[in-house]
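In listed order, ligands and their atoms are each counted from 1.
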Amino acid sequence: MSETTTAFRTCPLCDATCGLEVRVEDGRVTRIRGDRDDVFSRGFICPKGSTLRQLHDDPDRLRAPLIRRGDRWEETSWENAFQMVESGLLPILEKHGPDAVAAYLGNPNVHTMGGLLYVRPLLKAIGTKNIFSAATVDQMPKHVSSGLMFGHADSIPVPDIDRTDYLLMLGANPLESNGSLATAPDWPGRIEALQERGGKLVVIDPRRTRTARVADEHLFIRPGTDSLLLFALVAVLFEEGLTSPGRLADMTHGIADVAARAAGFSPEAVAGRCGVESSAIRRIARELAAAPTAVVYGRIGTHTVEYGTVASWLVDVINVLIGGLDAPGGAMFPLAAHARPPRTGRPFRTGRWTSRVRDLPEVRGELPVATLADEIEGPGEGRVRALLTVAGNPVLSTPNGARLDRALASLEFMVGVDIYLNETTRHADVILPPPSPLSRAHYDFAFYQLSIRNIANYSPPTIPRNGEMAEWEILTRLALIVSGQGAGADPALADGFGIAATVNQAIDEPGSPIADRDAAEILGQLNRYRGPERILDYLLRTGPYGDRFGEDPDGLSLAKLIDHPHGIDLGPLQPRLPGLLTTASGKIELAPPPIMEESARLADTIGAAPTEDLLLVGRRHLRSNNSWMHNLEVLVKGEERCTLLIHPKDADAAGVRDGEEARVFNGNGSVSVRVEITEDIMPGVVSLPHGWGHDLPGVRLSVAVRRAGVNSNLLATSEAIDTLSGNAVLNGIPVTVSKG
Ligand SMILES: Nc1nc2c(c(=O)[nH]1)N[C@H]1C(S)=C(S)[C@@H](COP(=O)(O)OP(=O)(O)OC[C@H]3O[C@@H](n4cnc5c(=O)[nH]c(N)nc54)[C@H](O)[C@@H]3O)O[C@H]1N2
Ligand SMILES: Nc1nc2c(c(=O)[nH]1)N[C@H]1C(S)=C(S)[C@@H](COP(=O)(O)OP(=O)(O)OC[C@H]3O[C@@H](n4cnc5c(=O)[nH]c(N)nc54)[C@H](O)[C@@H]3O)O[C@H]1N2
Ligand code: SF4
Ligand SMILES: [Mo]
């Protein structure tokens, strides 16, 4: 007898949190489409959403732990695998101390409940200062500017695109990426709605992207110069008396300091460097000021550059100056269902420790991944000898991938928690694979904190696990091993102690939502769940909309989310200032000293002669996801994605022809890649996507190796970073193009 059921779940692949409708027949997923009843996405999905089925069925996806025997891999039992980890890691920890073990956390960690709730305890158990993550090839500048301005690195305002009249977007392409630091399923529909209500979208990007094409206006910009352009917008706002911070004025420090600093960045002074007409800069400043509501939003292209933190800060400076911060239609702070009140008394700072080799400051508890290879290869006391990667592929994702690749090969021991044997995990001694997304529960801890509406949605596992171990359990067992409790210690027991400790602490804490309540009663209610779900239930029930364990029967709990498979819409974003501010002054710090110093350095570059080289930028494609969905035939089939975009003038000058191979090189590396000539890219700029280069020996990616592409990060130097955040410079890289 055949049985067909329909399940609903949130897609965990990108930030957009689309609802999926999954048909399951006899325990097998037979179709995935958009969930039309999802409260947030209303049926929208992208081509990746439906491929969770192919990902689940991919024969190359690891189902059991692998251990290395010389050049060969052997499948092994979980018990054996953890034993190997214990005998590999413990001697290094004992002999060389915790810093000898580094960790790299990749992007999917923010897309799993296990990653978000159980990685931190594991890192704490190791006790290492050598923590690296994809954040320093991504959004770290936003954390730093938010930390300095608002007091907490995670107090990040998002563009209220559903209510704004004017959206100025720099360095983002949400029609391919589906948005980032602005969770919103269906950007195409939301942009259309903005235009239908008479609003305007202006896109600033060195490439005429899909988003630029639907925009009302698109301007090319020379890569790496957003900070100059944004400063010029600020200069015009002051010069022409267009600032109107409104209610923000009383909660803001440093407006005059910003005015004084910006004066040196007139549109006329920066126009040549940016490749944007000064008249256009002036007009956009006036339009921002005149629109009933307006917001500036910048992403990858403004962050992964030198002065990325200055650019990120300027985005919010403008939002403050036009009165758009914390106001509908401007840039607003989400309030997720699991959010905790902001901690006061410990304002954000960086540099609490520095890296050993390059003396780079810690930011948000981690070090720049651009210096990971230095820490492995740099001789002497304190060298990194072992590495744990969780859901990361730094060989392809981080600058100077070739050197990191060599460095990983020299490690004494490496553990990879990953679903593939890929360019990075091929260096591991043990690979521990978590289950496919369809076999786990999901609640989007990361992205509901960055969402343009307040939403809560929980998905139970769609199909049962088949001998696989939940990611939280893998991570907990690793934590137990490094804390000396042995490979056989029980993760469930440890998890039970964890939640009990959390509850008891909250009960003892005056003002907490469960202060003075009965611990046994509360734990009794929570104990219907285990692992991440139990923590989720706790966070929801003690969160801003929570039922506080029965005190507010209408409030949220996990049970209530389970009753709402299409999610619960908690409404549009609400103003949260000044309550959210946790700076020492309790105000918005518009002119934080570190950023003012960095801005002075930037001012000195205005007159610098522009480079003669072509400047390389990245790009994303709807059917790709960083470095790791290239093993699914449905996504990679069709035209080649990893090509070099180049303007006809530059192609002529380099003597390269459309469809032919060209060599792209600089002092760091060289790649050979097929050329695509297009007027959609600014003259002087070329573009390659990142995350390709699957032709390294020893990977188990039978589809991806056939369309390997090239690793654009061979051209990025690990020396170039944004000083304040440690973020790598991945856009605006000088290169030369010649006939292949
Ligand atoms: N040149 C250039 N480089 C870039 C960028 C760019 O724009 N240009 N973008 C940067 C950005 S924004 C990012 S976020 C990084 C991404 O950099 P990384 O996070 O290092 O790389 P990903 O490609 O996301 O790799 C994800 C890894 O996780 C594994 N995986 C997938 N799902 C799971 C899971 O559920 N659990 C576990 N344990 N593993 C899983 C995959 O097999 C893969 O190995 O790349 C950065 N690199
Ligand atoms: N399909 C797909 N979706 C994804 C991902 C993916 O790999 N594929 N990755 C996910 C991840 S981890 C992230 S962080 C997000 C990122 O999401 P987005 O920030 O939207 O990233 P991109 O699509 O790379 O867009 C960056 C744009 O910046 C432009 N740019 C480059 N340099 C400059 C510059 O100096 N100034 C300006 N103004 N523009 C510049 C590039 O031309 C490009 O169009 O996407 C997520 N979604
Ligand atoms: S846009 Fe993102 S969340 Fe939505 S279906 Fe595509 S990958 Fe999944
Ligand atoms: Mo990212």
[X], portion touching ligand 2 at heavy-atom distance under 4.0 Å:
| X | value |
| --- | --- |
| N626 | both |
| S624 | backbone |
| R623 | neither |

Using side chain to side chain contact (heavy atoms under 4.5 Å, CB included), reason through Y420 and T425 one step at a time and then give a plain yes or no.
CA-CA 7 Å; Y420 283 109; T425 54; 5.5 Å; no
For [atom], tell me which residue out of [options] has the closest non-hydrogen atom.
| atom | options | result |
| --- | --- | --- |
| atom 22 (P) of ligand 2 | M682, R620, M629, R619 | R620 |
| atom 44 (O) of ligand 1 | N711, N393, D138, N422 | N422 |
| atom 27 (C) of ligand 2 | I300, L230, D205 | D205 |

Using a strict cut-off of less than 4.0 Å between a Lys/Arg side-chain nitrogen and an Asp/Glu carboxylate oxygen, indicate whether R9 and D38 qualify as a salt bridge.
no
Is there a polar contact, in the sense of an N or O pair closer than 3.5 Å, between T398 and ligand 1?
no
Polar contact flag for V390 and ligand 1 (N/O pairs, less than 3.5 Å):
no
What residue and heavy atom of the protein are closest to atom 6 (Fe) of ligand 3, and at what distance?
C46 SG, 2.3 Å
Provide, to 0.1 Å, the distance between atom 8 (Fe) of ligand 3 and the closest protein heavy atom, together with that atom's residue and name.
C11 SG, 2.3 Å
Which atoms of ligand 2 sit under 4.0 Å from any heavy atom of V617?
31 (C), 32 (N)
Is it the side chain (CB and beyond), the backbone, both or neither of R440 that lies under 4.0 Å from ligand 1, heavy atoms counted?
side chain
